[in-house]
Amino acid sequence: MSRNQDITSTVNLTADCIYEIIQYVIHDIKTLYSCVVLNQDYCRVVVRILWRNPFKYIKQDETKKALIFRTYFSCLDDQEKEQITAFFHNSVIDFPKPFINYPSFLQEFEILNIQTSMRSFLYQYHSASTTENRINSVVHILNPFMEKLFFNIQSNFKYLNVDLNDEKNQIDMSSFDDRILGHVLSNINKFTFGFGFRFDIKMKEILKFIQKNATKLTEIISDYNNNINHVRLIFTKKEFKQQKLKKLNPEFNDLLDILSSFIISLDNLKSLEMPCFIRNDKNFVKKHSHSLTHLKLHEIRNFNIIISILDHCSNLETIELVSFYCNKNTDLSELNKPINSKFNNLKNFHITISYFPVLTLFKRIILMSNNDLKTLYYDKYIVHSNANNFTELIWPFCTNITHLFIRIFQNDIYTIISFLESLDHLVFLKLDWDNNYLRIDQIADLAHSFSSSLQILEILEIDSSMIIEMLGALFRNMQCQLKEIGICMDSFINDDILEIIIAYARCKNSLIVFRYLNIPPYCYYYPQLSKHILEEARSLFTIDDNPEPFKRSFIEPIF
């Protein structure tokens, strides 16, 4: 073959190969969209990925929600569309059926996303002067078509999220065909059921509606898919403390019994997130003592239940105890009982401590672990002289921690400094400090305690007249070479603060990203960062002024 001959070679990759390549940019939405137009093979793979749950890419953008639902609406048959477009300026022709069956790609069905996007779409196209009643009347007509579109023999959901917090014209899944619903629910591996309602609606009717849906869905999952691995229940009983709602308690308790029996009916539950409401905890722990590896509890009012669960679920790798509630009737004696389980597999522990007795529980869980803890989110809201003793006790069981959130008060600053000095493998540190009372010399000592392994530092909710001096002392005295810095301000990031970060970046030559979040409560005007300082900063590192919530847990969410 001649060396000068023009040779064009094409390598055709299989869909499996393309899918593996795409995994490297799976969270980069811009790159994914670029891949759609790369060629036909990439388009087929990436479109399926983007439409597994298109809502997770758009946050709260109502226009994009409407566009997603427009695509789904276009997938209906023309005669079905005619029943809805009778209310529009547009005709059926304006919603041509696509060549791709987008609903068949959906793997994460979240009922609230479908409902809100449907309403955004209807508000955009409704022909008459739009009122909530008019929109509700169209939603009522449209809901059965949504059932046909999403729940059919082609459906391949991996996750079903039934959140009934929005009481307006919810899709009633209790009326779905049992055979189709059985087919759909037999394939899911994750299930969320949530509910709630306001005081200004017909609460008894809503409660009956929630109960019907809970009964139907839990019975079918128990019958067709009792090996489901991940379950989340989201609700609160706070509103039922109101005197006027006491008459609803029997119905509410019936609903709790339905959900409790459902949890106990499952055979291979690996992760569970829920309010701490299980009544028959003996049956619960007997059923799930070996399979459960991830437990997240909130609304913790009955300490007997939580001790019983922890005492028997020895295979837990992740424990999240988010919110405790105590009052004068709370039995705190349960917290004095020893925990018999050895948490030899515990890797992640997240706890929010609002009451001193909860510190005892925190200490016991740490002491029963096997010094293999990797992430610790230790969020305490109490100032107590004995708190320092607890911190000293847990040191020997936390030496392998790589990710730490800790709240620092002035009275325990040197205990925390000693704790940080013992962490040789720390990579990610979130600090929430009592910055109005920490002295500059204490800040300098804190900076010296950071391990050389530290790569990411986040500082939360800074609000102090000494903020420039404090941050200056912190970053001047650090020995570690940070790749990422995040600051969450109660006031605003200004030129002085950004110059401190610039100076650190020039000194260490390691910083890649600077994230900041302003959360001023009452201010409508804030000074803009100087253009030349912003340009200087951007020449050194990336600036992210719309980061993920700073108080987000280290634990990768299952749902």
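For the single chain, residues carry numbers from 1 onward in sequence order. Just so it is clear, the values below take in all heavy atoms, side chains as well, and ignore hydrogens, waters and symmetry mates. Everything numeric here is computed off the predicted structure, so don't read it as measured data.
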[X], [atom1] atom: more than 12 neighbouring heavy atoms under 6.0 Å:
| X | atom1 | value |
| --- | --- | --- |
| His448 | NE2 | yes |
| Asn509 | CG | no |
| Lys551 | NZ | yes |

Of all residues at least two apart in sequence or in a different chain, which pass the side-chain hydrogen bond (donor to acceptor under 3.5 Å, both in side chains) check with [X]?
| X | answer |
| --- | --- |
| Ser271 | His230 |
| Tyr414 | Asp445 |
| Thr360 | none |

Contacts of type salt bridge (Lys or Arg N to Asp or Glu O under 4.0 Å), residue [X], not counting sequence neighbours:
| X | value |
| --- | --- |
| Glu548 | Arg552 |
| Asp372 | Lys347, Lys374 |
| Arg364 | none |

Just one of Glu320, Glu273, Glu317, Lys270 clears the side-chain hydrogen bond (donor to acceptor under 3.5 Å, both in side chains) bar with His294, so which one?
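When side-chain hydrogen bond (donor to acceptor under 3.5 Å, both in side chains) is applied between His294 and each of Glu320, Glu273, Glu317, Lys270, only Glu320 qualifies.
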
Between Phe405 and Lys430, is there a cation-pi geometry (under 6.0 Å to ring centre, at most 45° from the normal)?
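No.
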
Taking the six-membered ring of Phe284, is the NZ or CZ of Lys286 close enough (under 6.0 Å from the centre) and on axis enough (within 45°)?
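Checked: cation-pi criterion not met.
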
Any donor-acceptor pair under 3.5 Å from Asp412 side chain to Thr415 backbone:
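Here the side-chain-to-backbone pair does not exist.
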
N/O donor-acceptor pair under 3.5 Å between Ser341 side chain and Asp311 backbone
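Judged by distance alone, yes, a pair lies under 3.5 Å.
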
List the steps, then state whether salt bridge (charged side-chain N to carboxylate O under 4.0 Å, His left out) holds for Asp545 with Arg515.
CA-CA 6 Å; Asp545 61 357; Arg515 298 185 173 90; over 6 Å; no

Establish, yes or no, whether a centroid distance under 6.0 Å links the rings of Phe343 and Phe349.
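When the ring centroids of Phe343 and Phe349 are compared, they turn out to be at least 6.0 Å apart.
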
